[in-house]
Asker: 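Have a look at the structure that comes next, please.
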There are 2 protein chains.
Amino acid sequence: MTAQLNLDDTLAALADPTRRAILQRLSEGEARVTDLAQPFAMSLNAVSKHIRVLERACLVRRRRAGREHLLSFNHQPLDEAVTWIEAQRALWTARLGALDALLQAEDRVASPSAETKGPAR
Amino acid sequence: MTAQLNLDDTLAALADPTRRAILQRLSEGEARVTDLAQPFAMSLNAVSKHIRVLERACLVRRRRAGREHLLSFNHQPLDEAVTWIEAQRALWTARLGALDALLQAEDRVASPSAETKGPAR
DNA sequence: TTAATATTCAACCAATAAGTTGAATTACTA
DNA sequence: TAGTAATTCAACTTATTGGTTGAATATTAA
């Protein structure tokens with residue numbers, strides 16, 4: 001029931017400027033729903049909904065203290081997101097490396113002797 | 001008109017497993033729309049739409065060669081995304097560092113000789 | 001020229017997202 | 001106890017998403 005870590009939810013949660021601003025605020029420390037809502041031009045309810053999205057993505061945790069709900073930042077899903085993105089970049093640069101090696105190999109073949117390739121004419 | 005780099009679009013584009021799979025494939029090299037669609041259980045049209053979303057996010061580029069459209073991976077928006085995420089983590093750990101320092105300072109006051117500062121009582 | 005291939009465009013549908021307003025719940029405070 | 005504060009719940013609206021099918025547009029091949 002703990003709405004386990006899920007890249008789809010994490011990235012979707014991050015894909016909204018309001019939610020990113022909320023997270024940014026929370027990465028400086030705990031805050032109440034009302035505090036989080038204050039900077040925004042939307043209703044408290046709207047912010048409450050955004051918070052719920054962040055919770056579903058496990059990016060924020062909630063602790064109740066009387067009538068106040070104290071939200072806090074959880075970095076764990078961010079780690080997962082970065083891991084995925086970095087893996088893509090790694091693949092990409094690996095491929096560029098391989099391509100580069102290939103081109104160099106072609107050079108070694110193409111330059112010394114002549115006339116080996118080309119559409120000629 | 002080049003649909004400039006935008007974190008919202010980037011993260012929203014990444015928040016879908018089909019699109020991530022497409023990107024993963026493209027990070028190994030160029031491919032046609034049909035090639036990209038082949039592994040999926042959905043229509044070609046659906047994949048075509050996913051590609052359009054990735055293009056809007058500048059995560060893929062398109063080059064036409066006759067009737068074929070050759071798609072390729074562009075890492076730049078990923079860099080931006082990682083930059084944002086890392087910034088949050090940095091804030092977070094900075095705050096934890098500060099909190100830690102604070103707690104240590106309190107320790108120094110509370111345990112040994114006492115009486116150097118603090119709200120006393 | 002005709003047929004097949006690669007791709008998009010257009011219209012549609014169901015589900016979800018993002019916001020609203022108003023009412024309900026729960027916990028403090030005077 | 002009565003009122004107010006902090007928050008969610010419920011219902012509703014509008015826009016977007018992710019998928020479908022069928023037709024249109026180019027380009028290549030027979």
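The sequence lines fix the lettering, A, B, ..., with proteins before strands; numbering per chain opens at 1. We use all heavy atoms of the structure for the numbers below, so side chains are in, but hydrogens, waters and symmetry mates are not.
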Asker: From A:T10 OG1 over to A:Q76 CD, what is the distance, rounded to the nearest 0.5 angstrom?
Answerer: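 Between atom OG1 of A:T10 and atom CD of A:Q76 there are 9.5 Å.
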Asker: If you round to the nearest 0.5 Å, how far is CG of A:L11 from CH2 of A:W84?
Answerer: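 Interatomic distance, A:W84 CH2 to A:L11 CG, rounded to 0.5 Å: 8.0 Å.
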Asker: Tell me, with the steps shown, if A:E55 and A:R52 meet salt bridge (charged side-chain N to carboxylate O under 4.0 Å, His left out).
Answerer: CA-CA 5 Å; A:E55 266 187 298; A:R52 210 161 357 126; over 6 Å; no
Asker: Send over the distance from B:D35 CG to C:dT7 P, rounded to a whole Å.
Answerer: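 For the pair B:D35 CG and C:dT7 P, the rounded distance is 7 Å.
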Asker: Could you state the CG-P distance from B:L36 to C:dT8, rounded to the nearest angstrom?
Answerer: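 These atoms are roughly 10 Å apart.
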Asker: State which of C:dT7, C:dA18, D:dG19 makes the closest approach to the side chain of B:R32.
Answerer: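 So the side chain of B:R32 is nearest to C:dT7.
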Asker: Please enumerate all protein N or O atoms sitting under 3.5 Å from an N or O of nucleotides 15-17 of chain C, with distances to 0.1 Å.
Answerer:
none

Asker: So if I define the base as every atom that isn't primed, P, OP1 or OP2, how would nucleotides 24-30 of chain C read as a B/S/- string at a heavy-atom cutoff under 4.0 Å?
Answerer: ---BS--
Asker: Check whether any side-chain heavy atom of B:I22 lies under 4.5 Å from a side-chain heavy atom of B:R25, and answer yes or no.
Answerer: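 With C-beta onward as the side chain, the pair stays apart.
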Asker: Tell me whether A:L59 shares a hydrophobic cluster with B:V82, the cluster being built from Ile, Leu, Val, Met, Phe, Trp, Tyr side chains joined at under 4.5 Å.
Answerer: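 Same hydrophobic cluster.
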Asker: For residues 37-51 of chain A, run the donor-acceptor check on the side chains, cut-off 3.5 Å, and write out each pair with its distance to 0.1 Å, sequence neighbours left out.
Answerer:
residue, atom, partner, partner atom, Å
A:S43, OG, A:N45, N, 3.4
A:S43, OG, A:A46, N, 3.1
A:H50, ND1, A:R19, NH1, 3.1

Asker: Ignoring hydrogens and geometry, is there a side-chain-to-backbone donor-acceptor pair from A:N74 to A:C58 under 3.5 Å?
Answerer: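 Confirmed, A:N74 side chain pairs with A:C58 backbone.
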Asker: Quick one: pull up CZ in B:R62 and CG in B:L54 and give me the separation to the nearest 0.5 Å.
Answerer: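 Spacing of CZ (B:R62) from CG (B:L54) equals 10.5 Å.
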Asker: Under the salt bridge (Lys or Arg N to Asp or Glu O under 4.0 Å) definition, can you give me all pairs with a residue in residues 27-36 of chain B, not counting sequence neighbours?
Answerer: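 Found B:E30-B:R63, B:R32-B:D35, B:R32-B:E68.
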Asker: In whole angstroms, how far is the P atom of D:dT17 from the CG atom of B:L54?
Answerer: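 From B:L54 CG to D:dT17 P: 13 Å.
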Asker: Identify whether B:V53 and A:I85 are in the same connected component of the hydrophobic contact network (ILVMFWY, side-chain heavy atoms under 4.5 Å).
Answerer: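 No; tracing contacts between hydrophobic side chains, which count when under 4.5 Å, never links both residues.
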Asker: Between the protein and nucleotides 8-12 of chain D, which nitrogen or oxygen pairs are less than 3.5 angstrom apart?
Answerer:
residue, atom, partner, partner atom, Å
D:dT8, OP1, A:R62, NH1, 2.1
D:dT8, OP1, A:R62, NH2, 3.2
D:dT8, OP2, A:S48, OG, 2.6
D:dT8, O4, A:N45, OD1, 3.1
D:dC9, N4, A:N45, OD1, 3.2
D:dC9, N4, A:N45, ND2, 2.7

Asker: Give me each pair satisfying ring-ring contact (aromatic ring centres under 6.0 Å, His included) with a member in residues 52-74 of chain A, each pair once, sequence neighbours excluded.
Answerer: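 Listed by first then second residue: A:F73-B:W92.
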Asker: Quick one: A:L70 CG to D:dA6 P, roughly how many Å, whole number?
Answerer: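 Value for this atom pair: 12 Å.
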Asker: Side-chain N or O of B:S43 less than 4.0 angstrom from OP1 or OP2 on D:dG19?
Answerer: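 No, outside the criterion.
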Asker: C:dT20 C1' sits how many Å from A:F40 CZ, rounded?
Answerer: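 Between C1' of C:dT20 and CZ of A:F40: 18 Å.
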